[in-house]
Structures are given as C-alpha cells and as structure tokens.
K.L.:
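The structure that follows is given in the form of structure tokens.
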Protein chains: 4
Amino acid sequence: MARKPADQSVDREDILWAAAEVLHRNGYDSTTMKDIAAQVNLTAASLYHHFKNKDFLLLNVLELGLDFTIEKLETVANADLSNAEKLAGMIRSHVVCVTGNVAVGAAMVFEIRSLLNASLSSKIGDDTFMEEFVARRNQFFARRDYFEGLFRDTIQAGMDTGEFREVDAATVTRAMMGAHNWISVWFKEGGRLSGEELADVMVDTWLAALRK
Amino acid sequence: MARKPADQSVDREDILWAAAEVLHRNGYDSTTMKDIAAQVNLTAASLYHHFKNKDFLLLNVLELGLDFTIEKLETVANADLSNAEKLAGMIRSHVVCVTGNVAVGAAMVFEIRSLLNASLSSKIGDDTFMEEFVARRNQFFARRDYFEGLFRDTIQAGMDTGEFREVDAATVTRAMMGAHNWISVWFKEGGRLSGEELADVMVDTWLAALRK
Amino acid sequence: MARKPADQSVDREDILWAAAEVLHRNGYDSTTMKDIAAQVNLTAASLYHHFKNKDFLLLNVLELGLDFTIEKLETVANADLSNAEKLAGMIRSHVVCVTGNVAVGAAMVFEIRSLLNASLSSKIGDDTFMEEFVARRNQFFARRDYFEGLFRDTIQAGMDTGEFREVDAATVTRAMMGAHNWISVWFKEGGRLSGEELADVMVDTWLAALRK
Amino acid sequence: MARKPADQSVDREDILWAAAEVLHRNGYDSTTMKDIAAQVNLTAASLYHHFKNKDFLLLNVLELGLDFTIEKLETVANADLSNAEKLAGMIRSHVVCVTGNVAVGAAMVFEIRSLLNASLSSKIGDDTFMEEFVARRNQFFARRDYFEGLFRDTIQAGMDTGEFREVDAATVTRAMMGAHNWISVWFKEGGRLSGEELADVMVDTWLAALRK
DNA sequence: CATGAATGAGAGTTCATTCAT
DNA sequence: GATGAATGAACTCTCATTCAT
C-alpha cells in the first residue's frame, strides 16, 4: 500500500490507492469525492483534473487492481509446470494479492454493481464520455473473465491429463473465486494467519478437493 | 420463497421481500425509499408507518433472510446424522436458500457494510432509536456468527471423529461461506444448473476437500 | 423539520409567473433555482416537487406565455373581419400581451436558446425524461411557428385581396416579430406610452408599411 | 468581417471574433473561458494574459461589434443626402452588418443583460477593476444610444422636412432596432435571401411605413 | 507568453424524513 | 394508514481565476 510520498506532487496512482482505501471503508455510494480528496490532501474539485468523474475514478481503481493481479498471475500461468503445481501457484498468487491489498480486492468484489449502474447516471454532455466509459468497462469485464478463465482452464487441463478428478470446472472455479474474494471481507492484517499462511490453507483445500 | 400476496393489504413482510429485490438491483445507497415504496404501490412517506427509518428497514430485511436460512439449517444440524451427512445437508440447505432467494442472499452479502455505517449516520435525535438499532444489529451479527459456527462445528466434529482429514476448520468454513455467498452474484434462475444441482456440486466439492 | 411557509398553498402557476420575473431579470443561466424558489417562499428543493428540473421549469414558463398569447390572438384571427382589420387586431393583441407581461415576453425572446441547449445537459437517468422534454419542446416550437404563421397568413391574404401592397410576407412578418419582441426589452410600465398606446403606434406603423 | 488570420500568433482581436462565435452559440453564461480558449488553441489560463476577466472579454466583444457597425453607419449618416436616402443607407448598412456578422450581432442583442449583471458579481478585490469596468460599460451604452439616435434623428429630420409622415419617431426607431436585431436570430447564410436582399426588403418596408 | 494544477464558491439535484390533512 | 408538500443536508460537478514553473 503506497502511502503519500510527501505533500507535494500527487499523481493519478496515488489517488487511486487512496481511493481504494476509502472505498473499502465506505463503499462506492457512501464515499464522497471529498473523502477521497482529503485522503491525498486535495479538494474535491481538484480530483476532476485527474479523473473525469466519480465513475471513471472507480473504473480506474478497479483496472489498477485487476491489472496488478493479472500480471502476477500470468507469471505462474505461463510457467512450465504441472497443472497441479500451476493451480497451486495461481491460488497462492491470487490469495497473496488479495491479502496484500485488501482495499482494492474488496473494491473489485463490492463495487462491480456500482460500475454497472454507473452508465445510467452518466451525463450525455459529451457522447464521448459515455462511449469511452462503456468501452473501458466492457474491457474490464472481459479481462475479469479472462482472469477467471485462467483458473478454469488450468482445472480443465488437469482433468484432461488425469491429474485432477472429474468436476464441474466452471462451478468449482466460481466457488474458488467466491472463497478468495470473500477473504477481503474478513482478513485482518496481523491476525492469526499471515497472507502466506492463508494462501497455504487455500492451496491445500482446493488441491484436496480436486485430487483423485 | 413465498411472496406476492394480494395487491391490496400490504404488510411488513411484503415490503421486506420487495425491498430485498430492489436492494439486490441497486444496493442500499442507490435504493431510495421511493423505489421500495413503488414496488409495493405505496409512497415513501407511507413506509414510515411500517419502519422507523431506512436503516431499520435494511436491518429487517437482513433479519428476515437470516432467520429464514437458519431455520432451514437447524433442521439438518439437529438431525441424528453422521457429520459428513450433516455437513452435506447443511451445504445443500444453504445453497438452496441462496439460489431460491438471490435477492435476500445478496443483501446479506453486500449490504452488511451499510448496516455498519448506519449507526454513524443515525440522527442523534432519539437516543432510543440508536440504542435499539445497535442492539438489534449486534444480535444480527451474533446470529450470523452462530450460523457460520454451525458449519465450523460440524467440520470440527467430523475431524474429531476421524470422518474428515485435519484442516484449519475456521478458514475452510470461511472459504465455504465465500463460495456460497458468491453464488448470489452469478447465479441466474434458469441457467445451466438448477439450485439443487448447484447444491450437489458444492456438496461434492467440499466433501472431497475434507475427505481423508 | 418541515416548516409551514407563510404563504398558503403555492401552486404550479404561481411558480411559473414568479420564475418568469426572475428569468427576465437575470436570464436563464444566471437564474438559480434558489432565486426562483425565494420568489415564492420555497426552498430550491421544493421546486422539484412541481417541476422535474430547471429545463422543464423553463419550458413550462414558455408554454404558459405562448398559450396565453395564442389564445388572445386566435380570438381575433378567427373573427369575421377584413384582413387589414384582422392584422390590426392581431398586432394590438400581441403588443398588449407583451407589454402586460414583459417578463414572460422577454423569456420567450431570450431563453429560447437555453431551451435548445437544455437537451444536452439533461441526464439520461430516465429516457422518458429526455424524450418527454424533446417532445414538448418540439411542440412548443411548432406552436411558435403557428403563431408566427397567423401573422404571415393574414398579410398574405391581404395581399391576395388587394388590401395590401406586394411585399415579402415572410420577411415582413419576421421584422414585425422582431419589433414586437424587442418591446419587452425597453418597455417600462408607467413610461411615456401605455401598452395600448404603444399598440396603436405599432398598428399604425405596420399598416402604413403595407398600405398600397 | 475579416477574421481567421494565421494559426500561430494569436492576438486580442482574433480572440474577440472567436469569442463572439462561441457566445453566439452558447450565450454568455454557458460559454466557458475554456470554450473560448479552445477556439483559438489556447488554454483558459492564457486568456488572462489578454483580458482581465470574462466580463471584460465580453465588453471587448461588444465594443468591437459596436465600433465596427457605427463606423459603417457614420459614413452614410454624414453623407450629403436626402433624409430618405440617408435612412435607406443606414438601414442597409445596419442590416448588412448584422447579416455579415451574425455572431457579434447576436451578442449585442443577447448579452447586454450579462453585461449589466456583470458589475454585481465583480470581485471587490481591486476597486480599479470595477471602476474601469463600469466606466467602459457606461461608455458602451452611451455609444449604443448614440447609434440608435442616428436613426431617430434622421427620421425626425425627414418629418421636419416633410419627406416622412408624422410618426412617433422614438417608437418607430425602436421597432426598427427590434426588427434588425431579430435578424441575427433567424438569418442563415445561404438561405433564401442574401444579406443585401434582406437589406432591400427592410429598406422598402421602413420607407413604406414612413412615406406620406 | 503559456500552461497544468489547484481551489473556493456555488449550482443543480437527490433524498430521507416530517407533518398537516 | 396513507399521502402531498416541504425541507435541510449533502453530493457531484463546473468554472472563473490564480500561480509556480
């Protein structure tokens, strides 16, 4: 979690991490632009220099989180490993990302609906506004599907090679996503389990569920 | 599960089911009293004859959903079954509840935070208001823990009797809760799997994860 | 905290006349909802009970003014008179309307552009919103053309019967509209000329311009 | 009339013509400094190197338009012609100016009110600011009266010499101003009538109205 | 000269809530 | 009970304007 470097130059990404934190605390609707601005020592009006509006700001937060997570995941997904090892690595990656960035993780779980409703409240003003928003939002969802697909494909591949028992890969993947996403709800830094330890438990659980 | 009564006499519970639906669509903050009222052919003002304020209304929705689910669950939890059979039954119960009542299920996942923030924004006006609210909210959370505890205890018992392999019961339970809660996000009535079938997959998955 | 306003019940039309006055003073953009509300002892928020938004309020003001004027005009336009007499009556009607209602008259001259720009800033929210707005706006413009057409037709008819000399009826009509509209800019109640006297001058001028 | 210079060196007058155009499209209040700046490839901040503030910019636009028109008019007004010929020339001059420069013409009609309101919103900060503004604004209005006076005087003179019939010169002049100003509202370049042709119609109309 | 960043002030709008009817 | 009217509070967003670079 990147803190405020100083009080001077605030750039887009600083705002995004700060925003994620506030979002995590209050949820999209209860979070005001003023809240976010305060977190980076700006006024609400100043935020509009960096983001077209609140919806875009949310979208940027989510994109940041997803990009960050996907990047980590792809390293593992592209490695030359057995499907079991690969899945283990992917689960660990995902869980570590979530525990290391609870705020963003939570945003990705809880604010999706706000993202969907967002288009409705968008002004017409500039058609470009909404068009760009919808385009980027769709891309976000596509990448989200891609992300989930990485897990599903690995499970399927493991079934094909006989490493895993036969299951409903799509549903098991969704169960897994749910389990991992839910972490951002209950995980507390400094609790009984570290992020790494939690990742171990998850890996153990899911591999057990899939073992023959 | 049972809703939609006559169109004339609107009672508290009608409003709650309707509210859950709107809440599911829009989220707590984006849902206006007017939205909820419209769903039952009332005006916003009229809602105040039935509920003290919006926060209480939400609390009532959540209580309704939780009571409903716990009731089903206790039937199984108190039955004279092996721990594996019991856990299977509980999972099935939970999943069927969620799939049969996506709206309320989603509310219980997504609007908890609103419930927490609620106390903060409560008007000080009537101390009794807030006191009662906080008391009932705490009770709600206690019952929620109790609900989760039913699962955890069964897993633990299964481990104790040797039916299940040794796992971190608390964490596995949370994984399970996450997986089940997440259902309300993606499940569509009439999709590839019915609620019952989905329940089967979940039972299979979790028992596999716990088998020795 | 709902308070009782001093004035009894304020209805839509009261607001419209008041709004016209403020609009006349400040122009659409410089007029705030608060300004209009203050004029009728309401808060800005209360205006939204009566009008969907500022654009609709303006539209209502203009509709009111146009309806009022057209009604007067049609009485004359449908009477059994020579074209010269008819035109005289119409001019007198128009001028008296404008001088008797400077505020609304001015609104109809100066705020048309705001009406046109209005659609752009309308929210999507409810498609119905914008659709209704555009529909009513178009109807307004159609009625405005109809209004102008009454003059043009009478001039043309007078030319056809030989009462008037040959002129470019459309352009003369526009000159006339301009002259009459402009009255709302400079006319002061209690000045050198009463509304009736001014009407006489206008009638004299235009009939002189058209006489053979 | 002459606009559009190079694209590099932007000077005050370029900005004014550009501003007039934007003003014509949107009106003073809806026109932002950014809009005007964009029209000449500058940023809003840069405009402040050329004009003290938005009010002054508007004032400059109006001054430019009025000076331009008066200059043309004085040529005719000072010529050695009969009053009828003089009035014809003046009308032609005015109409041609308006049709050739719809934007500025419209600004002079529609933005006068903004000019009036401007003083009120002026920041107190620099007294000099407001003093200078008010002084120049008053001068503008004086010149505007002078402009209208040229017409009125010619009509009066024509009545005195018996060229024109007896009318209320002041009121007829205002009717004329209204008719001419209104042109900027409806005139479209490339329409049925050219500016010159429209001028002919106007000359014909007003001389007919004044002929004995 | 030009500009990117920042901001105070304020506008339109929404909404939970109250109260007289 | 039910509702129409009203409102205070709060929010998103805009904009003229300043200033350091």
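By convention in this document, chain letters (A, B, ...) are assigned in the order of the sequence lines, proteins followed by strands, and residues within each chain are numbered from 1.
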K.L.:
What verdict does the side-chain contact (heavy atoms from CB on, under 4.5 Å) test give for D:Thr31 and D:His24, after you've listed the backbone C-alpha separation in whole Å, the side-chain angles of each residue and the deciding distance to 0.1 Å?
P.N.:
CA-CA 9 Å; D:Thr31 298; D:His24 179 41; over 6 Å; no

K.L.:
Mind calculating the distance between CG (C:Leu58) and P (E:dA11) to the nearest angstrom?
P.N.:
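Result: 18 Å.
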
K.L.:
Without hydrogens or angle criteria, can the side chains of D:Trp17 and D:Glu13 be said to hold a donor-acceptor pair below 3.5 Å?
P.N.:
yes

K.L.:
So which protein N/O to nucleotides 10-12 of chain F N/O distances come out below 3.5 Å?
P.N.:
{"from": "F:dT12", "atom 1": "OP1", "to": "A:Thr31", "atom 2": "O", "distance (Å)": "3.3"}
{"from": "F:dT12", "atom 1": "OP1", "to": "A:Lys54", "atom 2": "NZ", "distance (Å)": "3.0"}
{"from": "F:dT12", "atom 1": "OP2", "to": "A:Met33", "atom 2": "N", "distance (Å)": "3.1"}

K.L.:
How does DNA chain F look in dot-bracket notation if pairs are Watson-Crick or G-U with both distances under 3.5 Å, crossing ones as [ ], other-strand ones as |?
P.N.:
.||||||||||||||||||||

K.L.:
Start with the C-alpha gap between D:Leu64 and D:Val104, add the side-chain angles, then the distance that decides, and say whether side-chain contact (heavy atoms from CB on, under 4.5 Å) holds.
P.N.:
CA-CA 8 Å; D:Leu64 179 69; D:Val104 179; 5.7 Å; no

K.L.:
A cation-pi test, strictly: NZ or CZ of A:Lys54 under 6.0 Å from the centre of the six-membered ring of A:Tyr28 and no more than 45 degrees from its axis. Yes or no?
P.N.:
yes

K.L.:
How about B:Tyr48 and B:Met33: do any of their side-chain heavy atoms sit closer than 4.5 Å?
P.N.:
yes

K.L.:
Tell me whether B:Arg113 is salt-bridged to A:Glu111, with the criterion being a basic N under 4.0 Å from an acidic carboxylate O.
P.N.:
yes

K.L.:
Without decimals, in angstroms, what is the distance between D:Asp55 CG and F:dA16 C1'?
P.N.:
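Value for this atom pair: 10 Å.
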
K.L.:
Tell me: CZ of D:Phe51 to P of F:dA16, nearest whole Å?
P.N.:
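It is 15 Å, rounded to the nearest whole Å.
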
K.L.:
Strictly distance-based, threshold 3.5 Å: is any side-chain N or O of A:Asp14 a donor or acceptor partner for the main-chain N or O of A:Asp11?
P.N.:
yes

K.L.:
Output, in order, the C-alpha distance, side-chain angles, deciding distance and verdict of side-chain contact (heavy atoms from CB on, under 4.5 Å) for A:Ile36 and A:Val40.
P.N.:
CA-CA 7 Å; A:Ile36 297 172; A:Val40 286; 5.5 Å; no

K.L.:
At what distance, to the nearest 0.5 angstrom, does CZ of B:Arg12 lie from CG of B:Leu57?
P.N.:
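Reported to 0.5 Å precision, the distance equals 8.5 Å.
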
K.L.:
Taking CZ from A:Phe56 and C1' from F:dC13, how many angstroms apart are they, rounded to a whole number?
P.N.:
14 Å

K.L.:
Starting from C1' on E:dC15, measure out to CG on B:Asn26 and report it in whole angstrom.
P.N.:
14 Å

K.L.:
Just the table, please: protein N/O against nucleotides 3-5 of chain E N/O, every pair under 3.5 Å.
P.N.:
{"from": "E:dT3", "atom 1": "OP2", "to": "D:Thr43", "atom 2": "N", "distance (Å)": "3.1"}
{"from": "E:dT3", "atom 1": "OP2", "to": "D:Thr43", "atom 2": "OG1", "distance (Å)": "3.2"}
{"from": "E:dT3", "atom 1": "OP2", "to": "D:Ser46", "atom 2": "OG", "distance (Å)": "2.7"}

K.L.:
So does D:Lys34 have more than 12 non-hydrogen atoms from other groups sitting under 6.0 Å from NZ?
P.N.:
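Check fails, neighbour count at 12 or below.
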
K.L.:
Considering all heavy atoms of both residues, which atom of A:Phe51 and which atom of A:Leu16 are nearest to each other, and what is their separation?
P.N.:
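Looking at all heavy atoms of both residues, the closest pair is CZ-CD2, 3.7 Å.
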
